[in-house]
Amino acid sequence: MRNLKSMLLGAITLAGLALPAAAQVNVKIGVLSDMSSLYADLGGAGSVAAARMAVEDFNAAAKGMRVEIVSADHQNRADVGSNIARQWFDRDGVDVIVDVPNSGVALAVNGVAREKNKVFLVSGAATSALTGEQCSPNTVHWTYDTWALANGTGKAIVQQGGDTWFFLTADYAFGHQLEADTSAVVTKLGGRVVGSVRHPLNGSDFSSFLLQAQASRAKIIGVANAGGDTINTIKQAGEFGIVRRGQSLAGLLIFISDVHGLGLEAAQGLVFTDAFYWDANDGTRAFARRMAAANRGIHPTMVHAGVYASVTHYLKAVEANKSAADGKATVDRMKALPTDDALFGKGTVRVDGRKIHDMYLYEVKKPSESKGAWDYYKLRATIPAAEAFRPLAEGKCPIAGS
Amino acid sequence: MPDIFGIPPQALFGQLLLGLINGAFYAQLSLGLAIIFGLLNIINFTHGAQYMMGAFVAWMLLNWLGLGYWWALVAAPVVVGAFGILIERTMLRHLYKLDHLYGLLLTFGIALIVQGLFRDQFGSTGLPYRIPAELRGGTDLGFMFMPNYRGWVVVVSLVVCFGTWFVIEKTKLGSYLRAATENPALVQSFGVNVPRMVMLTYGFGVGLAAFTGVLAAPIYQVSPLMGADIIIVVFAVVVIGGMGSILGSILTGFGLGIVEGLTKVFYPEASSTVIFVVMVIVLLIKPAGLFGRAR
């Protein structure tokens, strides 16, 4: 009797061991975002929802993959962000970190992911340094970057005659890079930068800076900040009659959540570059419906779309490699495979880690043109993929040279 | 006119005026804190959240009940003040005899909870609130374009601040308040209901924060984070002015607004830190604050 029992037990144990031996691939995704401050609505919980949706749609379980998602708040601090990244990689077995709005934090995480040979999929952060001098074989920069924003918006505005610029810049990695990239576009097209002022991140009163911009007499005030800072800048520019007195605002980075927060009355007429608009086609509309249901009615920003698409492509690469262990190998596979998803269509990941797709120049609708909440953009121009991003040679990315 | 430190004087006047406007917010908020600390011995860390609630009540009145700015200016302080009284009745009053730390921790915790609830409900981007029709537009002052609404803010807050100072320092009611600060038992023995006075004072301080929130709503975004951003600065203002000093908090509030405004011209990168630099210097030279008395 005892023998029978132990035999049975042994058989069960063997069977139990045999099952996972069918090479299940485990993947752990860490969504690192601003969960509580000025960028929380453009990334934050929405980015977690987008990652979750990507995993569901990929149908990972049926493909023998077990995908787990964790998330954390980096509080817009590079030290907090890189500590979480280290902890995730070293202790918690995270294979890939996604999103990371705030370029300062993203640059820190970029270094950690490379050191640990893991993967970093950037959606929220903007700085073009991530595929320039600080590019990494472990990083894919998916959604947009400062160069693309400068190229799209800067070019369009200079061509309309806006040839003198004053910058109102967020004083950290992102703002500096956005100002530098836009200045380069403006001067290249024959325009002139007459000055700039740098404000601390997450300020609330911008009137002093706006007055300085007004005194500069520049035709265009380039708003090189993001999220809550942009909203307050635009709102207060209206209050001080900046536009009525002949200057124009160029919002260099505008998210749909900002437009929603400002209201069309204050935001109308803004021209800006974006990688994604929910009301573009059936695929994007379906995604928006699901996202809105999962995220307090907030329609997806380009950051959310980028998280969804980059996670999807990452999972394809892991499936092809049959492992997520080697970060560089996974990213190499992501570069080798063409990208194809419902939100960005077909595209590629370039050797420097830059994801290449079309960008769009949008204008914010007048209140009379909008059919209701979230009906905010009209398309001014499509910037084809080949022109949308910085040419490889200009980026000075060390890994792209060889 | 010659330039002053390389800045044309017109521009400098403009910046001074803007500093004064920001100072108005600092002054009103630090005044509330000073009153509460002076009388209740509580470091009210919920003050920022209560300021934010004031702005949100204004938004809710407008969007849910169709009541505009002028109603909000009256109703929001009452509603939020009542919330404050509820906190005082149920929680704060048990802490008066304990160390400051307990009150600080409790109010800080309440602030985190309130902010978390609002963020969960309304998101971090914030909601738009328009300037009331009567105060739209602006006036050209020659050296700058002054939005009418900002002018209104400065005037109202000067009236509120100095009115409050007058009541506390120059009237009979104020003398009761001040006496109760010094020796509550003695004041009670004269037949004054001290616990009720303390409760109403807390309600007033909180109401003042909410009133400031309504004033701020059309300028800044109505956002769950607006209080958390400003409260740290306001605490620095209170410390510089001298904990519990009414006049000190008002003058320091306006003064530091101007200091901050000038920093935004000469070295904008430091504009979010300059107040703390001032705080360090003041504490080194005069540990009780500019207007405080050492106890």
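So that the names make sense, note that chain A is the first sequence line, chain B the second, and so on, each numbered from 1.
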Under 6.0 Å from the CZ atom of A/Arg217, do we count more than 12 heavy atoms belonging to anything else shown? no

Using heavy-atom distances under 4.5 Å, tell me whether B/Phe25 contacts chain A through its side chain, its backbone, both, or neither. neither

Minimal non-hydrogen separation, A/Phe209 against B/Ser271, with atom names: CZ-OG, 4.1 Å

Output yes when A/Asp205 and B/Lys264 qualify as a salt bridge under the 4.0 Å nitrogen-oxygen rule, no when they do not. yes

Under 4.5 Å from a heavy atom of chain B, the part of A/Ala215 involved: neither

Between A/Gly297, A/Pro200, A/Ser208, which residue shows the highest count of heavy-atom pairs closer than 4.5 Å to chain B? A/Ser208

Interface residue of largest heavy-atom contact number with chain A, from B/Arg130, B/Met226, B/Arg150, under 4.5 Å: B/Arg150

Test log, rule side chain to side chain contact (heavy atoms under 4.5 Å, CB included), inputs B/Leu18 and A/Phe240: CA-CA 11 Å; B/Leu18 288 178; A/Phe240 279 85; 3.5 Å; yes

Hey, can you pull the donor-acceptor pairs under 3.5 Å for the side chains in residues 44-57 of chain B, sequence neighbours left out?
{"unit_1": "B/Asn44", "atom_1": "OD1", "unit_2": "B/Thr46", "atom_2": "N", "d": "3.4"}
{"unit_1": "B/Asn44", "atom_1": "OD1", "unit_2": "B/Thr46", "atom_2": "OG1", "d": "3.3"}
{"unit_1": "B/Asn44", "atom_1": "OD1", "unit_2": "B/Tyr202", "atom_2": "OH", "d": "3.0"}
{"unit_1": "B/Asn44", "atom_1": "ND2", "unit_2": "B/His47", "atom_2": "ND1", "d": "3.1"}
{"unit_1": "B/Asn44", "atom_1": "ND2", "unit_2": "B/Gln50", "atom_2": "OE1", "d": "3.2"}
{"unit_1": "B/Thr46", "atom_1": "OG1", "unit_2": "B/Thr107", "atom_2": "O", "d": "3.1"}
{"unit_1": "B/His47", "atom_1": "NE2", "unit_2": "B/Leu29", "atom_2": "O", "d": "3.2"}

Tabulate below the donor-acceptor pairs under 3.5 Å that side-chain atoms of residues 250-267 of chain A make, not counting sequence neighbours, or state none.
{"unit_1": "A/Asp258", "atom_1": "OD2", "unit_2": "A/Phe255", "atom_2": "N", "d": "3.0"}
{"unit_1": "A/His260", "atom_1": "ND1", "unit_2": "A/Tyr376", "atom_2": "OH", "d": "2.7"}

What one should report as the nearest heavy-atom pair of B/Arg119 and A/Met35 is NE-O, 4.0 Å

The interface call for B/Pro224 against chain A, heavy-atom contacts under 4.5 Å, is neither

Does a side-chain heavy-atom distance below 4.5 Å link A/Arg244 with B/Phe145? yes

Using a heavy-atom cutoff of under 4.5 Å, enumerate the residues of residues 226-233 of chain A that contact chain B, numbered in order, or state 'none'. A/Ile231, A/Asn232

Write down the atom of B/Glu269, the atom of A/Asp171, and the distance for their closest heavy-atom approach. CG-OD2, 3.0 Å

Got a sec: does the CZ of B/Phe108 have more than 12 other heavy atoms crowding it under 6.0 Å? no

Closest non-hydrogen atom pair between A/Gln236 and B/Ile219, with its separation: NE2-O, 3.4 Å

What are the residues of residues 363-375 of chain A, in order of number, with any heavy atom under 4.5 angstrom from a heavy atom of chain B? none

Mind ranking A/Val197, A/Asp34, A/Ile298, A/Leu211 by heavy-atom pairs under 4.5 Å with chain B and telling me who comes out on top? A/Leu211

Would B/Asp229 and A/Ser204 count as a side chain to side chain contact (heavy atoms under 4.5 Å, CB included) if you check the C-alpha gap in whole Å, the side-chain angles of each, and the deciding distance to 0.1 Å? CA-CA 8 Å; B/Asp229 296 341; A/Ser204 53; 5.6 Å; no

Decide yes or no for B/Gln15 and A/Gln212: does some side-chain heavy atom of the first lie under 4.5 Å from some side-chain heavy atom of the second? yes

For the CG atom of B/Asp120 and the OG atom of A/Ser36, what is their distance to the nearest 0.5 Å? 12.5 Å

Heavy atoms only: give me the nearest B/Ser124-A/Ser37 pair and the separation to one decimal. OG-O, 3.1 Å

Does B/Pro268 reach the side chain of A/Arg198, with side-chain heavy atoms less than 4.5 Å apart? no

